[in-house]
Amino acid sequence: MSGSNVAVQQWLADRLRLSRALSTDATEAYFMISSEHLTSFVSFRNEASAAATVLKQLTREREGQYTGSPRMDCLKDHCHAVTRHHYIDDAALSVNCKDLLAEDLVRWAEEQGCLVKGHTAAHSNGLRGFAANANMKAGDVLLSVPESLLISQETALSSDLGGALRQLPGLDADNILLIWTMVERHEADSTWAPFWKHLPDQFGTALGVSEEDIELLRDTPHWEAFSNAHQHVRQAYAALKPTLDMLTTAYPEQLSIDLFTWPAYLWAIELWYAYAIEVKGLNETISPCLVPVATLLNHALWPHIVHFSHLDDQDDCLKLRLFREVLKGQECCLSYGPLPNHKLLLFYGFTIADNPYDTIEFELGHAEDELQGDRAKALEMHDLPRQHMLRQGPLSSRLLPSLAIMAADRKQLQDINSGTPPLEVRGLCMDDQLSSLIDLVSGYLSTCRTCLRAVAKRLRNQLQPAEVLLAPQPHASADEHAPAPSRHPAASGCLRKASIPDADRISGHVAASDAVASVEKSLVVDETSGLPSKGDRCIYHQDSSPGEALPASSASHDANALSSSCQAAMYGIDDAPGDQGWKQVQREGEGPAADNKTHGQHDHGCMSNASLTHKFYSNAAQYLTGICTVLEQNISTLADLNGQNCERRPY
């Protein structure tokens, strides 16, 4: 390797390290062991943001030129290396996708001054994506939308209807926006008529499912988020209903009752949750906007586009610029942010298998602790949080010192508050704190497994009787009639669940729902203790492509819609079908195929209520499976630590 190449690679390494630091979010910072972690990959979102930041710096240095630079070529090679290392397959889409409404939208957008360098196309599973029209390099603009075409709160407030609604006392801007949306989508002469027409009739998020269905997730780690959001939208509609009734009474010819039903309100609020992009205008104000054509792009963990929320000060356009190259016919994807599956399920209508952003939050301390003030002082002195998280991978380096502070007696706290590192205090024993945390995590695992069985049962009941026969027959299980595990026993000791605030508006770009998502992993857990079993873990999946999503039209009538985890839950986790139409897979070094594993896909078809509930059950199963994986791994880690702590007790 020449000296110039070494210098270029060192330059890129230094720039990426700084950009990773600037792009680190609170969760990544919590799990980061040291600044040395920034010398390599932190997360998909972080790496995409860092690469886009470096690209922007290079653009400034070369006055907008994106090619012919050794540094640019080095960045291109780096993005290719990330793609290969993580087994990402940029999907090539079929051109045989005739979505006339989407084609009309693109045609209209171009007539209105948009630059569009892509087209709608289909995945092999029938779901739609947005493919590049030609080979495109880093820095190229895939989509440019004039500010005048963005739909924002100001759009609603400045309309004739918005002006009239502003005169009503007690009606805030958010509700004016929702009322305007419910009315404007049906206006034949609306400026955005092609945009309204291409949107789905239903989004399929968890906000719209029944109370009975949302109860399937009760007492899971994110139950408060599910419950609060579900109640929030219904309470908001109930509070707005008198105003809506008044409007239809006062203007019966202009405003029909059908415009303001609960389904119409749900559609409008899901639209803004699922499609809004937070855009910073030239006046530095930030507001959620609907961006025509951008709604056609799907989400990916390793996307092609990030940093797309600023208007260009040269031409007042919102530009979606690639930070890595894409070939003609390949799908172009956005990042909606580092979102865990419970938020994707709630507000987006899809989930991702093995989502690396799935976390479980909990809080240390309890109100009855007489040393609470001293512990708070110790946490602050050593820059340790009270609220902690678990995810797949190693524990945060902040967790054990925090547990040590919770375990310390008065004398030990005095030492800690005098500057002694918490883990170096003599005579400290964390047995109770570790056991309490294991109890909390085991309780969640027991609950999630019970919920997964209930969801799998709902999925199975939706299959046609003839098709159920295609599924493997259940084996007799020794604990088939045993009572179900308890639903989240109260944690003992000094732990409590972290409180979760009511649902707020989601920032960043989000997308509509995909079709039924498949869950990959089968959990093998000891029923009595909640701990991972001693046996080898097996991964099963069907003879069809693993992780393949199903078109909405067939989702509720296909036995393959059942994931391996759902099958395992249905038949008894320890008796998951093996060689009866299923196969055990042991793959060394093989990554995900180009499926729904790393993508969140749109489904713009009109789905029946049965399809919507089936889709919710499938996504809920995938959410629960991912959370079970996180819990299972952390129980093992904590149990090992508890054993080590017991061995060190004399110290």
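Values below: all heavy atoms of this structure, side chains included; hydrogens, waters and symmetry mates excluded.
Side chain of R45 to main chain of G337: no donor-acceptor pair is present (N/O by atom type, distance under 3.5 Å, no hydrogens or angles). Of the possible donor and acceptor atoms, one in the side chain of S442 sits under 3.5 Å from a partner among the backbone N and O of I438. Remark: the backbone N or O of I257 is not paired with any side-chain donor or acceptor of T261 at under 3.5 angstrom. With W267 contributing its side chain and P200 its backbone, the two residues share a donor-acceptor pair below 3.5 Å. Without hydrogens or angle criteria, H230 side chain to V209 main chain gives a donor-acceptor distance under 3.5 Å. Formation of a donor-acceptor pair under 3.5 Å by the N46 side chain with backbone atoms of V42 is not found in this model. In this structure a side-chain-to-backbone donor-acceptor pair under 3.5 Å is present from D25 to E28. With Y617 contributing its side chain and L459 its backbone, the two residues share no donor-acceptor pair below 3.5 Å. Within the 3.5 Å criterion, the main-chain N or O of R398 finds a donor-acceptor partner in the side chain of S402.
Remark: aromatic rings of Y275 and Y336 are distant, center separation not under 6.0 Å.
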Practice item. Quick one: do F616 and Y623 satisfy ring-ring contact (aromatic ring centres under 6.0 Å, His included)? Show the steps, please. Key: CA-CA 10 Å; F616 168 73; Y623 154 73; 9.8 Å; no
Exercise for review: Would you check, one step at a time, whether the test ring-ring contact (aromatic ring centres under 6.0 Å, His included) holds for H86 with F44?
Suggested key: CA-CA 10 Å; H86 293 279; F44 286 111; 5.0 Å; yes
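Atoms CE and CG, from M406 and L434 in turn, are 13.5 Å apart once rounded to the nearest 0.5 Å. A distance of 10.0 Å separates NZ in K615 from CZ in F203, rounded to the nearest 0.5 Å. Taken from CG in L624 to NE2 in H222, the straight-line distance is 11.0 Å, to the nearest 0.5 Å. One distance of note links CG of L296 with CZ of R128; it measures 5.0 Å at 0.5 Å rounding. The CD1 atom of I627 sits 4.5 Å away from the CG atom of D358 when rounded to the nearest 0.5 Å.
No side-chain heavy atom of F260 sits under 4.5 Å from any side-chain heavy atom of L178.
The one candidate from H342, K343, Q622 that meets the side-chain contact (heavy atoms from CB on, under 4.5 Å) condition with T351 is Q622.
For the pair E361 and R391, the salt-bridge criterion is not met [side-chain N within less than 4.0 Å of a carboxylate O].
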